[in-house]
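Throughout, protein chains are lettered first and strands after them, A, B, ... in sequence-line order, and every chain is numbered starting at 1.
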Number of protein chains: 2
Amino acid sequence: MSATPKSERTRAHLREVAIRMLRDVGYERTTMRAVAAEAGVSTGNAYYHFPSKDALVQELYLEVQREHAERSAPVLAAGGSLTERLRGVWAASVDAFAPFHAFGAEFVSVAIRPGSDASPFSAASATSRDLSRALFEDVVAGSSTRLPERLRAQLPELLWLAHLGITLFWVYDTSPGFTRTRRLVDGGAALVGSLVRLARLPVARAVVDDVLRLVRDVSPAPTTDRGERA
Amino acid sequence: MSATPKSERTRAHLREVAIRMLRDVGYERTTMRAVAAEAGVSTGNAYYHFPSKDALVQELYLEVQREHAERSAPVLAAGGSLTERLRGVWAASVDAFAPFHAFGAEFVSVAIRPGSDASPFSAASATSRDLSRALFEDVVAGSSTRLPERLRAQLPELLWLAHLGITLFWVYDTSPGFTRTRRLVDGGAALVGSLVRLARLPVARAVVDDVLRLVRDVSPAPTTDRGERA
DNA sequence: GGCCGTTTTTGAACATGTTCAAAAACTAGC
DNA sequence: GCTAGTTTTTGAACATGTTCAAAAACGGCC
């Protein structure tokens, strides 16, 4: 159970090789045999350390998430309005994901499978999910924008979900430099600001409550493990 | 090139067997060998008629889309408010998709791959996509709700996109009878009504314009084939 | 150092999606 | 009816993800 240095090195090496190959040659050509060979071990050994190819993808997912957190740190430290902070964190994710765009589609395809460990809702993804969620907690918490309490509570979750949507959009974005995704990020962040301002008006209160209630009603119970298999 | 009756029968039979197997035993256990065997032909022959397993999935996709259109027809013929019509068409899709829920995840996983023929944005999906889009054109066109012109033009597209989102949600929905998805449909349709009403207020005009402009700016050019491969 | 149980590693084996060269069935022209 | 070309069908072959029984390496205990 404990980390035997030797075995741990094999595992780390496999992980490293896999991440590099996924980035450089893509999902399909990153075969388990190729990873194992490149790492100088047998195919079976790769399976001893990682239960599936998806598990290796999962490692990359975590890596990218860490990169996103790192790139977001300066933005989050800087204060500013909700819109500014949100734009910064969303934009940081585009930058952090960029090297893996070719791989993005395959990843989403794997991650979207409800039973998959790579799914952003799975138990196995808890670490990366919490990492990502925390960013949006911080975006809201550190923002200078005044927020109605009922919004403040649910906003981080909503922004995280929106982030998943933006990522999905990015996967399909073939524009050079991801111009379209960046436009979406800029426009989206500005829009959130406008909507929050609008939400303060009495005339919008009912609608805002409806939205919040709908999201709450429709979400699975927070205590439930959301990564269940069929 | 023309439809030889004999060959056409083989093709139709394969298609039928594949759809039945996908529904009854799921994606994984519907192997090409099993489909071919069940249809009484060789494995290679299945590949002669359908270039890939995805192509068979594509057939099922079209089938379900037709089912959705059929179930929507009475709703669309009945008139009513935007909310009512939207709720009806969205609810019809939950009913139409229901028998394929087990398979839904696998399907989305296949369909979401940008290069995939099953992608809702691919050229190969044009038939089913147009079928689906037309439903939302009709929802808006036949509705008794008064709409600002600029909204009326873009709304069908937005509702279709929302429908994709709802379908994605449904894939993850393990609640009995898809209660949660149905709540989302009801709440979502009501919300669209409220938002449209709100959009008429002068104070909201700027935000509405922002949303519409963002969607327009961010969408790929409509003439471009959106199913491009990397 | 030598033995025993555990961890790690190996390489062959299996099922599946897919490809392909060759065989079979079919069609058209005579 | 026969031949030549085309369409359809076959079955073996290949690469890949994954499993597994056996071998090797390791670690603790005498």
Where the side chain of B:R33 is concerned, which of D:dT18, C:dG17, D:dG11 is the nearest nucleotide? C:dG17
Derivation of the side chain to side chain contact (heavy atoms under 4.5 Å, CB included) call for B:R20 and B:V25: CA-CA 8 Å; B:R20 179 156 39 81; B:V25 308; over 6 Å; no
Rounding to a whole Å, what distance do you find between B:R9:CZ and C:dC26:C1'? 13 Å
Length of the line joining B:F50:CZ and C:dT19:P, which is rounded to integer Å: 16 Å
Taking atom types as modelled, is there a side-chain donor on A:T10 or A:S7 under 3.5 Å from an acceptor on the other? no
Think B:S7 has a side-chain N or O under 4.0 angstrom from the OP1 or OP2 of D:dT8? yes
Out of C:dT8, D:dG17, C:dT18, which nucleotide sits closest to the side chain of A:Y48? C:dT8
Pair B:S132, B:H68: side-chain N/O donor-acceptor within cut-off below 3.5 Å: no
In whole Å, I'd like the distance from the CZ atom of A:R11 to the P atom of C:dT7. 16 Å
What nucleotide among C:dT18, C:dT10, D:dG17 has an atom nearest to a side-chain atom of B:T43? C:dT18
Output yes when at least one side-chain N/O atom of B:S42 is less than 4.0 Å from OP1 or OP2 of D:dG11, else no. no
When you measure from the side chain of A:Y172 to the backbone of B:I112, do you find a donor-acceptor pair of N or O atoms at a distance under 3.5 Å? yes
So, is A:N45 close to the C:dT10 phosphate, meaning a side-chain N or O under 4.0 Å from OP1 or OP2? yes
Residue-phosphate contact under 4.0 Å: A:Y47 side-chain N/O, D:dT18 OP1/OP2: yes
So what does A:T10 touch, heavy atoms closer than 4.0 Å: a base, only the sugar-phosphate, or nothing? sugar-phosphate
How long is the line joining CG of B:D54 and C1' of C:dT16, in whole Å? 14 Å
Value in whole Å for how far the P atom of C:dT18 lies from CD of A:E28: 10 Å
What integer distance in Å separates A:M32:CE from C:dC14:P? 20 Å
Please report the distance, rounded to the nearest Å, between NE2 in B:H49 and C1' in C:dT18. 16 Å
Classify the side-chain pair A:S175/A:D173 by whether it contains a donor and acceptor separated by less than 3.5 Å. yes
